[in-house]
Every structure is written in structure tokens, then in C-alpha cells.
2 protein chains.
Amino acid sequence: MPYSYEHPRPALTVDCVVFGLDDTDLKVLLIQRSVAPFKGSWALPGGFVHVEETLEEAARRELEEETGLRNVFLEQLYTFGELKRDPRERIISVAWYALVNLRDHKVKAATDAGEAAWFSLDDLPTLAFDHATILDTAQQRLRGKVRYVPIGFELLPRLFTLTQMQRMYEKILDRALDKRNFRKKVLGMGVLEETDQVQQDVAHRAARLYRFNEAAYKRMVKQGINFEI
Amino acid sequence: MPYSYEHPRPALTVDCVVFGLDDTDLKVLLIQRSVAPFKGSWALPGGFVHVEETLEEAARRELEEETGLRNVFLEQLYTFGELKRDPRERIISVAWYALVNLRDHKVKAATDAGEAAWFSLDDLPTLAFDHATILDTAQQRLRGKVRYVPIGFELLPRLFTLTQMQRMYEKILDRALDKRNFRKKVLGMGVLEETDQVQQDVAHRAARLYRFNEAAYKRMVKQGINFEI
DNA sequence: TTGCCTTAGTGTCTCGTATACACTAAACTG
DNA sequence: CAGTTTAGTGTATACGAGACACTAAGGCAA
């Protein structure tokens with residue numbers, strides 16, 4: 001025990017809520033705990049913060065170690081510090097949320113944290129610690145934020161159809177959107193760039209593919225244009 | 001040094017950005033540091049988290065110890081964890097912001113943290129540590145949140161005039177609002193309760209006093225009514 | 001090859017809300 | 001009582017949100 005302090009210190013961890021989107025659902029990435037407490041339970045990926053790394057570095061490191069994910073959209077969520085949230089000792093957790101698209105990022109199945117797997121948000125296992133609370137907070141944040149800031153594109157592949165984009169908003173906001181109004185609105189915003197490509201290998205009329213024009217978006221933010229869906 | 005751990009642990013603090021409103025300005029409460037580092041500089045009130053208290057308890061305790069304020073609106077802001085934010089050692093700070101009204105809450109001038117004083121947001125001294133960043137983050141949060149959630153009432157006295165309320169929004173949002181449109185809107189929301197009292201001791205026509213009807217607000221939140229200013 | 005199935009893609013009308021805008025009323029002051 | 005200061009009030013216009021249904025295109029199977 002070489003590290004001593006005058007006063008007792010809580011331990012500090014990071015936990016990540018990783019959202020991913022596939023054709024059918026909005027999903028979250030969980031890992032199965034291989035050690036006590038909550039051995040065998042599903043939990044958010046995360047771990048202890050090292051003393052020589054920032055909080056964001058810790059979150060990204062743990063995410064890569066436990067799930068193989070890197071270079072993902074990551075934003076701080078909230079810091080959870082209830083007294084008994086970990087049965088072993090006092091642990092403060094700085095929670096983060098990440099957005100990835102399931103096509104571009106493959107998750108390594110088995111890791112040093114045990115098994116990693118995607119779960120639909122409406123079919124979740126019981127989670128370890130207070131991770132259900134953290135996940136719930138993340139979902140609320142995502143729902144609130146996606147309407148004002150175009151972070152949703154992080155969940156879509158680089159090229160996407162307007163229908164895919166609409167489905168994404170519908171999953172996150174959990175309500176149906178009108179097709180024509182949705183298209184009118186998002187095309188009117190001027191941050192979508194039409195490509196000359198269309199969907200491949202679909203058994204019906206192929207939809208045009210679009211990409212998100214980040215430069216145009218940044219220009220518009222500077223002009224104070226707002227971005228409500 | 002009785003507290004030993006297998007791995008080194010960062011220290012954990014809380015810092016509070018306390019906003020207050022008077023007749024002329026939106027202000028923030030700062031304390032003058034009486035010890036190194038940054039001795040003599042102005043800083044946000046805050047201090048170390050004890051191992052047997054939650055983060056919110058720590059924030060409230062420090063706030064009372066250093067400024068005498070209690071029972072104020074307090075919400076978690078963000079957690080700051082850059083490597084060199086404190087020159088002594090690695091310190092993580094969970095930042096909070098508070099809203100108080102300067103009429104009801106008197107700040108004790110001299111405290112164990114030295115001098116406490118209110119500063120206008122556009123006339124700030126140089127702040128210790130990364131507290132300028134924290135304050136800036138808090139101001140952005142307040143600006144974003146006040147438009148959707150009626151937290152602004154925390155800054156007003158219990159009874160207030162519509163003009164005081166409009167000034168409050170104007171200070172926070174940093175833009176002028178139209179008097180008639182503002183009144184139409186806020187009265188139409190149905191969360192303001194008209195009293196039969198008017199302003200006292202003013203050298204002009206006295207304005208009617210209103211109070212915030214929290215019960216009505218909660219009812220409306222449940223109905224999903226939104227609250228944009 | 002043709003009919004069928006599935007999804008893509010498109011325009012208008014209505015209604016409600018945001019915004020722009022100026023005068024009279026009331027209360028105190030000297 | 002004339003002057004000063006702030007309170008308090010209504011309307012007209014423009015814009016955007018939301019409701020709504022049909023045709024186009026492409027693959028598939030009989």
C-alpha cells in the first residue's frame with residue numbers, strides 16, 4: 001500500500017453508456033462482469049481513473065480495453081456519487097455517453113472484461129450497481145440533446161438515406177414523425193449534402209444517399225441558426 | 001498519513017458557481033483565497049469532498065461554510081479533471097451551480113475562506129485555477145436551461161413584478177425582450193399567480209406583484225407542456 | 001412480360017404562434 | 001398642477017408546424 005494520504009479518498013471511476021443504432025433498434029453496449037461484486041451481471045463498460053490521465057482519456061481507454069471501440073463521439077454525462085453505490089467502498093463515477101454506428105464499428109466479442117454485447121433499450125437485463133440510473137440519465141440526455149444539436153449523425157453510417165435518418169430520430173425521440181414534414185425540415189436546414197449514389201441491394205426502389213455536411217453546420221452555428229427537429 | 005491505497009488516487013473537490021440577481025445585474029459569488037496557491041486571488045467557493053458525504057452534501061456544506069448560504073437551488077454542472085488544473089497535485093472537481101436571490105439571502109462578509117463578495121459577470125477579477133472556465137460553463141448552462149425550465153424564479157424574490165422578471169431573463173439571455181410579447185407569453189403559460197399587492201416605495205406607478213405557482217407548473221410538466229421563453 | 005409488392009419521393013392548406021409596434025394610465029415629485 | 005417615470009394594454013402580419021395522399025421506381029415471382 002504505497003500511496004498514503006492525510007484524509008481518506010473516494011475511488012474514482014469512469015463509466016460509459018455506448019449507444020448504437022442498427023436497422024431495427026437503438027441499442028446499448030454492456031459487458032458481463034467476470035469478477036465480484038455483481039459477478040455475471042451486465043454492466044456499463046468502465047473502470048478506475050489513473051492519476052496521470054484526464055477523465056476523458058480514462059473513458060476512452062476503458063472503452064477501448066473493454067470493447068475495442070475507438071475514435072467515437074464521447075461526451076460527459078453526469079457524476080454519480082451516492083454513498084452506497086458500490087458495496088465495497090466509496091466510489092465516485094464520472095459517467096460518459098458515446099454514439100457509434102454499428103456498421104463501421106465492430107465490437108470485439110470477448111474481452112478482458114468478459115463478454116460484450118448490444119442490448120435493445122426496451123429489452124435490458126438487470127444492471128449492476130446504479131448503472132440502470134446512469135443509463136436512464138443518458139437516454140434522457142440523448143433525447144434532449146438530439147433535438148437541438150445534430151449529434152444523431154454519429155449513429156448513422158457516413159452515407160445514409162433520409163428514411164434511415166428519420167428512423168433514427170424516431171427511435172431516440174420515441175415518437176412517429178411525418179415523412180414529408182421531416183424531409184422538408186432537414187433538407188431546408190442545409191446541412192445535408194445530396195450524393196449521386198443510391199442504396200444498393202434493396203428489393204424496392206433505391207433511396208438516394210446523403211451525407212452530413214459538417215462545415216455547413218459549423219457555419220450555421222456561428223450565425224446563430226438553431227437546429228430544432 | 002493513515003489512509004493508504006494500492007493505487008494513487010486523485011483528490012476530489014466540489015466548486016460552486018453561485019448566481020445572484022440584484023436590481024442592476026446578474027452577479028456571481030466569489031471568495032478571496034487566504035492560502036496558497038493563488039493566495040489573494042478570487043475563486044469559486046468549494047473544497048474537498050469528505051468520504052462519508054454525497055457530492056451534493058459536500059457542495060452544500062462548503063457553500064454554507066464559506067458563504068453562509070443554505071437551502072439554495074443547486075444543480076450539478078460538470079466535472080473538471082484536467083491534469084494540471086491545480087499546481088499542487090491531481091485534483092478532480094465536481095462543479096455545481098446555484099441560484100439565489102440577493103434580497104432573501106444575506107452573505108456573510110468575512111468567513112473562514114476569507115472575504116466573500118458578489119461580482120458582476122461583466123466585471124470579473126482574474127480567477128484562481130481553472131475557475132474562469134467553470135464559470136463560463138455555468139453561464140452557458142444557465143442561459144441554455146432558463147429558456148426551457150423555469151429556474152429563473154430562484155433568482156427573484158418570492159413576490160416580483162413582471163418587469164423584474166423580464167429584466168432577469170434579459171440579463172441571463174443577454175438580449176432585449178419586447179415588453180408586451182413577454183407579458184403575453186408568461187401570463188399565457190399559467191404559472192404566474194397574480195397577488196393583490198403592488199410594489200411599495202417607488203417614485204412612480206407601482207407595479208402589481210406576482211408569485212410563481214409551482215403546483216401549476218408541475219401539473220403542466222406532467223402534461224408535457226413545454227416552457228420556452 | 002406483366003402484375004404485384006415495397007419503399008421513395010413530392011406540395012398545399014390551415015392554424016397557431018412569434019414578432020413588430022405606440023399610446024394611455026397611474027403614481028409620485030417638486 | 002405640470003412633469004417625470006414606469007405600468008399596462010391590442011392588433012396586424014408573417015412564418016413555421018403539422019395534417020394529409022398520391023405517383024414513381026425498382027425488384028420479384030408467377
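Throughout, protein chains are lettered first and strands after them, A, B, ... in sequence-line order, and every chain is numbered starting at 1.
- For the pair A:Arg103 and A:Asp23, the salt-bridge criterion is met [side-chain N within less than 4.0 Å of a carboxylate O].
- Counting non-hydrogen atoms under 4.0 angstrom, B:Thr161 reaches nothing in the nucleic acid.
- One can place CD of A:Gln200 at 18 Å from P of D:dA25, the figure rounded to the nearest angstrom.
- Atom NZ of A:Lys179 is separated from atom P of D:dT23 by 15 Å (rounded to the nearest Å).
- The CG-P distance, from B:Leu209 to D:dT6, rounds to 17 Å in whole Å.
- Ionic pairing of A:Glu57 and A:Arg60 is not present here: no N-O contact between side-chain nitrogen and carboxylate oxygen is shorter than 4.0 angstrom.
- Taking only side-chain nitrogens and oxygens, B:Arg183 comes nearer than 4.0 Å to OP1 or OP2 of D:dG8.
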Side chain to side chain contact (heavy atoms under 4.5 Å, CB included) between A:Leu142 and A:Leu99, worked out
CA-CA 9 Å; A:Leu142 178 59; A:Leu99 303 178; 4.0 Å; yes
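- Rounded to a whole Å, the CG atom of B:Leu162 is 7 Å from the P atom of D:dG8.
- Toward the 5′ end of DNA chain C lies the nearest nucleotide of A:Asp178, the other residue of the pair B:Asn181 and A:Asp178 mapping further downstream.
- Computed from coordinates, the B:Leu177 CG to C:dC21 P distance equals 15 Å when rounded to whole Å.
- Across the protein-nucleic acid pair, B:Arg208 atom CZ and C:dA27 atom P stand 11 Å apart, rounded to whole Å.
- For the pair B:Arg205 and A:Arg175, both in contact range of DNA chain D, the more 5′-proximal nearest nucleotide belongs to B:Arg205.
- The closest side-chain heavy-atom distance from B:Phe80 to B:His131 is not below 4.5 Å.
- The nucleotide whose nearest atom lies closest to any side-chain atom of B:His204 is, among D:dT9, D:dG26, D:dT5, D:dT5.
- Residue-to-nucleotide contacts include a donor-acceptor pair under 3.5 Å from the side chain of B:Arg180 to the base of C:dC21.
- When all heavy atoms of A:Leu77 and A:Ile134 are compared, the pair lying nearest together is CD2-O, 3.8 Å.
- With rounding to whole Å, A:Arg147 atom CZ is found 12 Å from D:dA17 atom C1'.
- Residue side chain A:Lys185 does not reach the base of D:dG16 through any donor-acceptor N/O pair under 3.5 Å, judged by distance alone.
- When rounded to the nearest whole Å, the span between CZ of A:Phe182 and P of C:dG11 equals 18 Å.
- Both A:Gln164 and B:Lys184 sit near DNA chain C, but only A:Gln164 has its closest nucleotide nearer the 5' end.
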